[in-house]
Colleague: 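Just passing along the structure, written as structure tokens.
Chain naming here is simple, since letters A, B, ... match the order of the sequence lines and numbering starts at 1 in each. Not measured: the values here are computed from a predicted model.
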Amino acid sequence: MSLKLYNTLTRTKEPFATLVPGQVRMYCCGVTVYDYCHLGHARSYIVWDMVRRYLQWRGYEVQYVQNYTDIDDKILNRAAQTGQDWQEITQIFIRAYAEDMARLNILTADAYPQATAAMPDIIALIQRLEEQGFAYAAQGDVYYAVERFPGYGKLSGRSLDQMEAGASGRLEPGEQKKHHPLDFALWKAAKPGEPSWESPWGLGRPGWHIECSAMVHADLGAEIDIHAGGSDLVFPHHENEIAQSEAVLTSRLARYWMHNGFVTVGDEKMSKSLGNFTTIRQLLDTPLPVLGGEVFDPMALRLFVLQAQYRKPIDFTEDAIAAAQHSWQTLKEGLLFGYEYGGSLQWPDRNDPDFGNPANMRIPNPSEAVQRFEAAMDDDFNSPGGLVVLFELAKELRKEGNVLTHQGATPTASDTLKSQWQTLVCLSQVLGLAAQPDTAKSSEGLSDQAIEALIEQRQAARQAKDYGESDRIRDQLKAQGITLIDQAGGGIRWHRD
RNA sequence: GGCGGCAUAGCCAAGUGGUAAGGCAGGGGCCUGCAAAGCCUUUACCCCCAGUUCGAAUCUGGGUGCCGCCUCCA
């Protein structure tokens, strides 16, 4: 089997073939840093992280670059509103972005280029476009001449005529500087009081799309393998990037264009302008009634995202939150199986310092589970299909764990369980799903001896048919996080929750 | 108006020609003094109509409904 992925440019699933065998150069359009990230951003970056991890799993060396747009109208507006310096704003939200992504277990990029640090590259590119007749200066601004680029519209699948007709009602007056209504700014002349940079056209700052063209080239080279982003970037952002880059390149900008679907609320796109957004930190930090007052687990958020195919919309609802949290609980129990039962199963490496680290696991290859996982993921990163395998493994392990807890032993071979667990841990890691045991719990509360003593009291009460007393003791233990298991033969086992 | 996408159980979601994966939620049973935990078990003819085919959720045509992009946006 080989990997196929959906290319927005061709609107088909294509076999994945990189420019340099074994290497993937991937660029993902990052955020404009003027506010906290919402769930739409979370989905996008979780998806691209999953893609990156899977490519690595498949043996590719992946170079992953993601930019920060740190100069833009929205940043300046925000600064004007709050009275802060605009660079203070960008610093705050770059830090917030990093924090949010770390909580979601998103790997850090190999580079995070920033527009303000790429000014020489940006200016050089605009100059080159101007020299070759793809751009023209007008009163300190520089515009891209869309009519000069024959392929304009190829990514979004539309023609200039169509777009002009569609946009005719919306074209701003006062844009006489443009030769064609769809020409877009590469460089904007400085307005009084705004930050600006020296350029051949006077003081100014870059337009939105040019930074990515310049930074992709600077950090990854002429033709990259994957260029990714949200569906809302197809037009105009990525269309314009293609126009800018390919006008001066002898190659394509990117071999594959990938776009993720939206997070919706009531089937409407979650977005800043609609005001229907929930920020990542708001969701993860607020106890929720649907979760019985618990906080939503970041891994459950990751699961929520990966349970839908990345190109399809996902609706953000209370039901979905609860389902994802519960699903994560199931998966988590499977992931913790080795920590919980590795000792009683006498796994020799149980006490190794890096026990549970997927990097050190050698799972049986090619096991049936791995094959099914890869078959799903090879088909345009079908993570819901891949999760099926994880859930089957996790449920099987959970069952085995319960048998061990309730009966003290299981007929299943220890080696079999170990390999199932390792497979689960490794494949989960490919999706960025990981759980660590809670080391604090066993040392808190009642001592083992105190618990055993209470259990004996309860047994005595039960034999005397004093069920009021026996239930009282059971409730007392329950309140302290101790669950009793009355076994069929009259024996009692217990565990801390 | 132009272009694109989606429609599968209560909810979410795979499946692109051979009679429906998985998750969540729910039902039933076993066990129990009662519970809890656990174990076992169970729940769909795939938006509508017509067509192609031995056979379609899957292909074709026509409907209906919803969404996205065309303006900043992951």
Side-chain angles (χ1 to χ4, degrees), chain A residues 8 11 28-32 34 37-48 72-74 77 153 156-159 161-172 182 208 228-237 239 259-264 266-274 277 303-304 307-309 311-315 317-331 372 376 379 382-392 394-395 398-399 401-403 405-407 462 465-467 470-471 474-475 478 483-490 493-495 497:
Chain A
T8 305
R11 294 208 177 73
C28 172
C29 282
V31 283
T32 300
Y34 74 105
C37 288
H38 59 64
L39 294 176
H41 301 107
R43 179 181 195 189
S44 191
Y45 301 115
I46 287 170
V47 162
W48 306 126
D72 174 87
D73 286 345
K74 290 192 290 293
N77 290 341
S156 50
R158 44 193 106 186
S159 68
D161 293 345
Q162 283 172 354
M163 285 187 278
E164 200 176 342
S168 58
R170 259 193 310 274
L171 292 173
E172 306 274 326
L182 287 157
W208 174 35
S231 303
D232 43 7
L233 298 183
V234 174
F235 190 91
H237 186 58
E239 193 71 71
H259 296 94
N260 66 276
F262 299 126
V263 174
T264 59
D267 290 323
E268 271 193 331
K269 179 184 173 187
M270 176 180 285
S271 72
K272 281 297 178 60
S273 38
L274 288 171
F277 62 92
L303 197 54
F304 165 69
Q307 271 185 319
Q309 210 277 343
R311 288 187 285 119
K312 294 198 171 178
I314 0 178
D315 205 38
T317 61
E318 291 206 328
D319 279 357
I321 293 293
Q325 183 92 323
H326 293 144
S327 300
W328 168 241
Q329 194 56 37
T330 296
L331 213 45
R372 286 201 297 140
D379 182 15
N382 183 352
S383 55
L387 281 168
V388 166
V389 178
L390 303 199
F391 275 108
E392 287 176 0
K395 285 208 148 183
R398 184 173 69 173
K399 187 177 136 187
N402 286 327
V403 169
T405 299
H406 284 256
Q407 290 160 23
R462 287 180 78 197
K465 302 215 189 288
D466 184 357
Y467 294 122
S470 79
D471 290 353
R474 184 169 68 195
D475 293 345
K478 186 69 190 169
T483 299
L484 300 190
I485 299 161
D486 294 342
Q487 292 179 292
R493 303 182 73 86
W494 61 273
H495 64 85
D497 295 339

Colleague: Who are the side-chain hydrogen bond (donor to acceptor under 3.5 Å, both in side chains) partners of A:H259, not counting sequence neighbours?
Modeller: A:T8, A:H238
Colleague: With both distances under 3.5 angstrom, what nucleotide forms a Watson-Crick or G-U wobble pair with B:G4?
Modeller: B:C67
Colleague: Could you please name the option among B:C72, B:C34, B:G2 that lies closest to any side-chain atom of A:R158?
Modeller: B:G2
Colleague: May I have the distance from A:M163 (atom CE) to B:C70 (atom P), rounded to whole angstrom?
Modeller: 11 Å
Colleague: Can you check the A:N260 CG to B:G4 P distance for me, whole Å?
Modeller: 21 Å
Colleague: Determine, for nucleotides 13-24 of chain B in 5'-to-3' order, which nucleotides have protein heavy atoms under 4.0 Å from the base (write B), from only the sugar-phosphate (write S), or from neither (write -).
Modeller: SSS-----BSSS
Colleague: Which part of the nucleic acid, if any, lies within contact of A:D232, taking any heavy atom under 4.0 Å across all strands shown: a base, the sugar-phosphate backbone alone, or nothing?
Modeller: base
Colleague: Taking any heavy-atom pair under 4.0 Å as a contact, classify A:H38: base, sugar-phosphate, or nothing.
Modeller: base
Colleague: Considering every strand shown, what is the Watson-Crick or G-U wobble mate of B:A36 when both distances are under 3.5 Å?
Modeller: none
Colleague: Touch check for A:L484, heavy atoms < 4.0 angstrom, all strands: base, sugar-phosphate only, or nothing?
Modeller: base
Colleague: Assess whether a salt bridge exists between A:R372 and A:E392, defined as any Lys/Arg side-chain N lying under 4.0 Å from an Asp/Glu carboxylate O.
Modeller: yes
Colleague: Taking only the side-chain nitrogens and oxygens of A:K269, find out if one of them lies under 4.0 Å from OP1 or OP2 of B:C69.
Modeller: yes
Colleague: Which is true for A:V263 with a 4.0 Å heavy-atom rule: it touches a base, it touches only sugar-phosphate, or it touches nothing?
Modeller: base
Colleague: With sequence neighbours left out, what residues match A:Y45 under ring pair (Phe, Tyr, Trp, His ring centres under 6.0 Å)?
Modeller: A:Y97
Colleague: Answer with base, sugar-phosphate or nothing: what part of the nucleic acid does A:G157 contact at a heavy-atom distance below 4.0 Å?
Modeller: sugar-phosphate
Colleague: Are A:F262 and B:A74 stacked, counting the six-membered base ring, centres under 5.5 Å, planes under 30°?
Modeller: no
Colleague: Which pair of heavy atoms, one from A:Q307 and one from A:P384, lies closest together, and at what distance?
Modeller: O-CG, 3.5 Å
Colleague: Distance check: side-chain N/O of A:N402 vs OP1/OP2 of B:C39, anything under 4.0 Å?
Modeller: yes
Colleague: Return the set of residues passing side chain to side chain contact (heavy atoms under 4.5 Å, CB included) with A:K399 (not counting sequence neighbours), or none when no residue passes.
Modeller: none
Colleague: Can you name the residues that form a salt bridge (charged side-chain N to carboxylate O under 4.0 Å, His left out) with A:R311, not counting sequence neighbours?
Modeller: A:D380
Colleague: Is there a donor N/O on one and an acceptor N/O on the other, under 3.5 Å, for the side chain of A:R474 and the base of B:A35?
Modeller: yes
Colleague: For B:A20, which nucleotide in any strand shown is its Watson-Crick or wobble partner with both distances under 3.5 Å?
Modeller: none
Colleague: Once ring pair (Phe, Tyr, Trp, His ring centres under 6.0 Å) is applied, do any residues pair with A:F277, and if so which ones, sequence neighbours excluded?
Modeller: A:H38
Colleague: Could one point to a donor on the side chain of A:D471 or the base of B:G33 with an acceptor on the other under 3.5 Å away?
Modeller: yes
Colleague: Scan A:R462 against the nucleic acid and name what it touches under 4.0 Å (heavy atoms): base, sugar-phosphate only, or nothing.
Modeller: base
Colleague: Let's test this: given Watson-Crick or G-U wobble pairing with both distances under 3.5 Å, identify the partner of B:C31.
Modeller: none
